[in-house]
Engineer: 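Input: one structure, supplied below.
In what follows, every chain begins at residue 1, and chains take the letters A, B, ... in the order their sequences are listed. This is a predicted model, so every value here is computed, not measured.
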Amino acid sequence: MPELPEVETVARTLRRTLVGRRVEKVVRASPLMIERRSVRRLVGQRIDVVDRQGKWMFLRTEGNDVLVVHLGMTGWVGVVPKETEVVPHTHLRARLDEEGQELRFVDPRRFGEWTVMSQPAWEGRFGPKNLGPDALTCSPDELQARLKKTTRRIKPTLMDQRVVAGVGNIYADEILYQARLAPMRPAHSLKRDDVERLHAAMVGVLAASIRDGGTTIQSFIGSDGREGGFQERLLVYGRAGRACLVCESLIQCSPAVVAGRSTYWCPGCQPAKGRRLGRPKARHVVSHD
DNA sequence: CTTGTGCCCTGACCGC
DNA sequence: TGCGGTCAGGGCACAA
């Protein structure tokens with residue numbers, strides 16, 4: 001469930017609590033998720049930088065290695081006092097040079113990733129061919145150029161991390177709703193003003209969620225132990241059968257738009273291609289300020 | 001190229 | 001109270 005805003009929330013906490021510290025000793029590393037060679041490469045290294053691109057975190061060490069962290073669905077990473085209770089599914093405990101502090105990685109579902117690799121290996125795996133520009137900093141022009149190249153529907157395209165990095169199922173629905181675009185519209189059919197609305201909605205929704213510390217639906221907890229607040233501002237996700245807050249049409253839910261993934265949208269505000277949009281409403285994009 | 005399916009995995013939830 | 005079934009979904013492999 002962590003998407004860009006949740007990962008950014010975690011990254012900001014790690015910049016405060018982990019950057020500049022050295023991993024002195026790994027107390028425990030579960031072979032279920034963490035390779036021995038990753039542990040070997042990490043021990044003795046200082047974490048210098050926490051980068052984030054989309055849902056991926058890249059922690060650079062002084063030895064020019066990269067600790068790749070993905071939270072998957074249920075991942076949690078953070079720095080805690082070593083006495084802190086060890087919760088189930090804690091896959092890594094590492095002692096830091098800061099007295100009594102421990103770096104921990106927890107992931108019940110094990111959809112996450114925790115790998116230490118060399119810089120060249122990192123470049124091979126996360127080059128521009130494999131991971132698109134971060135959704136927060138992708139320009140409207142770049143977004144349009146990327147959407148133009150494919151006949152796929154806009155929702156799966158937006159969720160394709162090679163196209164733009166950071167948007168998952170929940171935010172895709174919120175973004176398309178605010179942009180008044182039907183999720184099944186072919187990506188290459190979007191006109192300039194469609195893309196401009198899409199870009200504004202994408203940046204607006206993601207930034208608003210970051211300000212709220214992310215969305216906590218089932219499980220997301222920040223590195224500082226706090227839940228997010230954006231779940232209270234979701235306008236379509238999870239609202240199937242309820243009235244649209246703008247036009248009062250019933251919110252639809254279908255798993256058919258993206259294979260196996262639930263998709264929520266408003267048939268009134270997000271008409272399929274061919275139907276004209278209704279009278280534009282100045283306040284359609286709900287302000288999160 | 002596209003779409004669909006299934007897998008990984010656990011916990012929350014629902015109906016009986 | 002308990003038990004089995006279903007669902008959730010990020011990323012990926014694979015088939016059509």
Engineer: Just by distance, do the side chain of Arg60(A) and the backbone of Gln119(A) share a donor-acceptor pair under 3.5 Å?
Structural biologist: no
Engineer: Roughly how many Å is it from CG in Leu4(A) to P in dG11(C), rounded to a whole number?
Structural biologist: 11 Å
Engineer: Enumerate the salt bridge (charged side-chain N to carboxylate O under 4.0 Å, His left out) contacts for residues 117-131 of chain A, please, sequence neighbours excluded, ordered by first and then second residue.
Structural biologist: Glu113(A)-Arg125(A)
Engineer: dC8(B) P sits how many Å from Glu113(A) CD, rounded?
Structural biologist: 18 Å
Engineer: Please indicate yes or no: is the ring centre of Phe111(A) less than 5.5 Å from the centre of the six-membered base ring of dG10(C), with the two planes inclined by under 30 degrees?
Structural biologist: yes
Engineer: Identify which nucleotide among dT2(B), dT3(B), dG10(C) has an atom closest to any side-chain atom of Thr150(A), counting heavy atoms from C-beta outward.
Structural biologist: dT2(B)
Engineer: Round to a whole Å and report the spacing from NZ of Lys155(A) to P of dG4(B).
Structural biologist: 13 Å
Engineer: Hey, can you tell me if Trp56(A) and His70(A) have their rings parallel, tilted or perpendicular (30° and 60° cut-offs)?
Structural biologist: perpendicular
Engineer: Relative to each other, are the rings of Phe105(A) and Trp114(A) parallel, tilted or perpendicular (30° and 60° limits)?
Structural biologist: tilted
Engineer: Of the non-hydrogen atoms in Lys191(A) and Gln144(A), which two are nearest, and what is the gap between them?
Structural biologist: C-NE2, 4.1 Å
Engineer: With no hydrogens and no angle check, is any side-chain donor or acceptor of Thr157(A) less than 3.5 Å from a backbone partner on Arg153(A)?
Structural biologist: yes
Engineer: Compare side-chain N and O positions of Arg153(A) against OP1 and OP2 of dT3(B) and report whether any pair is under 4.0 Å apart.
Structural biologist: yes
Engineer: Whole angstrom is fine here: how far is it from CZ in Arg125(A) over to C1' in dC12(C)?
Structural biologist: 11 Å
Engineer: Can you measure Trp76(A) atom CH2 to dG11(B) atom P for me and round it to whole angstrom units?
Structural biologist: 17 Å
Engineer: For dG11(B), does OP1 or OP2 lie under 4.0 Å from any side-chain N or O of His89(A)?
Structural biologist: yes
Engineer: Side chain of Ser262(A): nearest nucleotide among dG11(C), dA8(C), dC9(B)?
Structural biologist: dA8(C)
Engineer: To the nearest 10°, let me know how far the axis at one end of the helix from dT2(B)-dA16(C) to dC16(B)-dG2(C) is tilted from the axis at the other, five pairs an end.
Structural biologist: 50°
Engineer: By nearest atom, which of the nucleotides dT2(B), dG11(C), dC12(C) is closest to the Thr151(A) side chain?
Structural biologist: dT2(B)
Engineer: What I want to check is whether the side chains of Ser118(A) and Asp65(A) have a donor and an acceptor closer together than 3.5 Å.
Structural biologist: no
Engineer: Without decimals, in angstroms, what is the distance between Met159(A) CE and dT2(B) P?
Structural biologist: 16 Å
Engineer: Answer with base, sugar-phosphate or nothing: what part of the nucleic acid does Gln161(A) contact at a heavy-atom distance below 4.0 Å?
Structural biologist: sugar-phosphate
Engineer: Do you know the tightest heavy-atom contact between Pro88(A) and Val106(A)?
Structural biologist: O-CG1, 3.7 Å
Engineer: Assess whether one donor atom and one acceptor atom, taken from the side chain of Arg261(A) and the base of dG11(C), lie less than 3.5 Å apart.
Structural biologist: yes
Engineer: Please give, in whole Å, the distance from dC1(B) P to Lys148(A) NZ?
Structural biologist: 18 Å
Engineer: If you compare every side-chain N and O of Lys149(A) against the phosphate oxygens of dC1(B) (OP1, OP2), does one of them come in below 4.0 Å?
Structural biologist: no
Engineer: Using a cut-off of less than 4.0 Å, is there contact between a side-chain N or O of His70(A) and OP1 or OP2 of dG10(C)?
Structural biologist: no
Engineer: Please tell me which of the listed nucleotides, dC9(B), dG10(C), dG4(B), lies nearest to the side chain of Arg110(A)?
Structural biologist: dC9(B)
Engineer: Between C1' on dT10(B) and CG on Asp107(A), what's the gap in Å once rounded to a whole number?
Structural biologist: 10 Å
Engineer: By the 4.0 Å heavy-atom rule, please label Tyr237(A) as base, sugar-phosphate, or nothing.
Structural biologist: sugar-phosphate
Engineer: Measure from the side chain of Trp56(A), starting at C-beta and using heavy atoms only, and say which of dG11(C), dG4(B), dG10(C) lies closest.
Structural biologist: dG11(C)
